[in-house]
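The structure appears below as structure tokens.
Note: hydrogens, waters and symmetry copies are ignored here, and every other heavy atom, side chains too, is used. Small disclaimer: the values here were computed from a predicted structure and weren't measured. Each chain gets a letter, A, B and so on, in the order its sequence line appears, and its residues count up from 1.
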2 protein chains.
Amino acid sequence: MPYTYHYPRPALTVDCVVFGLEGEDLKVLLIQRDHEPFAGCWALPGGFVDEGEAPERAARRELGEETGLSDIFLEQLYAFGEPGRDPRGWTVSVAYYALVNRADHPAQAGDDARKLDWFPVRKPPPLAFDHDKILEAACRRLRGKVSYQPIGFELLPRKFTLSELQRLYETVLGKRLDKRNFRRRVLQTGVLEETAQTERDVAHRAARLYRFNKSKYQRLARRGFHFEI
Amino acid sequence: MPYTYHYPRPALTVDCVVFGLEGEDLKVLLIQRDHEPFAGCWALPGGFVDEGEAPERAARRELGEETGLSDIFLEQLYAFGEPGRDPRGWTVSVAYYALVNRADHPAQAGDDARKLDWFPVRKPPPLAFDHDKILEAACRRLRGKVSYQPIGFELLPRKFTLSELQRLYETVLGKRLDKRNFRRRVLQTGVLEETAQTERDVAHRAARLYRFNKSKYQRLARRGFHFEI
DNA sequence: TCAAAAGTGTTAACCATACACCCATGC
DNA sequence: GCATGGGTGTATGGTTAACACTTTTGA
């Protein structure tokens, strides 16, 4: 079933940079390719966009098929279309980045059973295509965005301690933060809600659990409130 | 000369949101379409990407062909690919936004003599395709970016007065700024260079002209300096 | 001499930073 | 009882915001 056009057209793909936390480490989810080109090589999850399908929808579909992830934070990163980026020919990829809390959203290989694993963003394995460039762009975006928009919460479980939140910021920003100042700041923003619960089974005083109040943030944001850590 | 593929592919276009200043007003450059669809309608300059051509390069080429503009600040904005955005069928557009100082870079219609004009960004005429959506996204991006990256200078002539710079920020941010505080702040950043010249032929005290020192900014930026107005 | 915008400093309020000790819990 | 991280307040220095008048120039 051939498709014929008057002018040449590119193939359109999506690629997803999925970030997750593992302890102190920021990790990225990769799958191992089982077809040429780059068979056996690690790559970002993604694939071809179908006709009549919005790119973001394609990204979510491919993520679901390849990693089982759904209903996660996902945002467009950049469109990559340099000639030569795909040895199969003219291919444009719209890249997305996603944030996922691994406790509530475990990733698992799709039906085609390709291998799937998490890798530290700072030392990933060799990647297929220009995926190293895409990963780097995603890291830059995440670092830039995390301090002025409250997207970091997407990496944590729904309920989390302030220390977990602080570790997250330290991980993403790559610097240590002062505990008391950090707590004061995030609580002042008013977007955190104290819960009645505390940690369980920890070998030290159990920390209080908090929850991010998204609708409150959105109300504040609409009035020009500017989140900043 | 038909082009045939095993799977359907989208047409790939680029669209450019070109911002320029006119007095106090922020304006956008539009061209009038002379073919269907949307013949006679105003639209963003842009067109089809050629095979083997990087999208940004295509954006610059189309801008040159349609408006005569070259060597201007241009950055990718977003890829638009919603089904139905182009009545001709599946078309994905990579949108760019550009900043231009109209004194040094006059825009003029291309050889095919399509009409071309500047319109206030806040009340543009009805636009072809989803160009109203693209324009709105570009305005949001500009507003967000102008206060933490020194891209505003691209809208001004090479030499400008501090009042012109202030008016620019007031226009883009949509709020009044304090003159003394504004001057102190921009001069403190150290990226402005005083010239020996002053304004000419003004019916009031002539203001000193300044120049943006790009290389100095880049040196500062590399050391983690953070521009902020 | 009038109109119009250029240019200039100080004070007060606020905010960010630095910093150290006691508390609760599990082993 | 000890090791581990949880939780808390203050003082200081720096930054930002508010504010009004004199100067220069052309008409």
Q | For atom CZ of A:R185 and atom P of D:dT8, their distance in whole Å | A | 18 Å
Q.
If I take atom CZ in residue B:F182 and atom P in nucleotide D:dT16, what distance separates them, rounded to the nearest angstrom?
A. 14 Å
Q: Report the residue (A:D201 or A:N181) whose heavy-atom-nearest nucleotide on DNA chain C is the more 5′ of the two.
A: A:N181
Q: Looking only at side-chain atoms of B:R183, point me to the closest of C:dT8, D:dT10, C:dA24.
A: C:dT8
Q. How would you label the contact of B:T161 with the nucleic acid (heavy atoms, under 4.0 Å): base, sugar-phosphate, or nothing?
A. nothing
Q. Does a side-chain N or O from A:R200 land closer than 4.0 Å to OP1 or OP2 of C:dG26, or not?
A. no
Q. Among B:F212, B:Y169, B:Y210, B:F73, which residue meets the ring pair (Phe, Tyr, Trp, His ring centres under 6.0 Å) test with B:F153?
A. B:F212
Q) Cation over ring, A:R102 on A:W118, under 6.0 Å and within 45°? A) yes
Q | Any A:S163 side-chain N or O less than 4.0 Å from OP1/OP2 of D:dG6 | A | yes
Q: Round to a whole Å and report the spacing from NE2 of B:H204 to C1' of C:dA4.
A: 6 Å
Q: Classify the nucleic acid contact of A:R184 as base, sugar-phosphate or nothing, counting any heavy atom under 4.0 Å across all strands shown.
A: base
Q: Output yes when A:E24 and A:R167 qualify as a salt bridge under the 4.0 Å nitrogen-oxygen rule, no when they do not.
A: yes
Q) For A:T67 and A:R114, does a side-chain donor sit closer than 3.5 Å to a side-chain acceptor? A) no
Q: Nearest whole angstrom, please: distance from the P of D:dC19 to the CZ of B:R176.
A: 14 Å
Q) Given side chains that start at C-beta, do those of B:F19 and B:L155 come closer than 4.5 Å, heavy atoms only? A) yes
**Q.** Euclidean distance, atom CG of residue B:L187 to atom C1' of C:dT8 [Å, nearest integer]
**A.** 12 Å
Q | Distance, rounded to the nearest Å, where A:Q188 contributes CD and C:dC14 contributes C1' | A | 11 Å
Q.
I need the CZ-P distance between A:R180 and D:dG5, as an integer number of Å.
A. 18 Å
Q: For A:A207 and for B:K179, find the nucleotide of DNA chain D with the closest heavy atom, then tell me which residue's nucleotide is more 5'.
A: A:A207
**Q.** Most 5' of B:A203 and A:D178 on DNA chain D, judged by nearest nucleotide
**A.** A:D178
Q | d(CZ, A:R208; C1', D:dG5) in whole Å | A | 16 Å
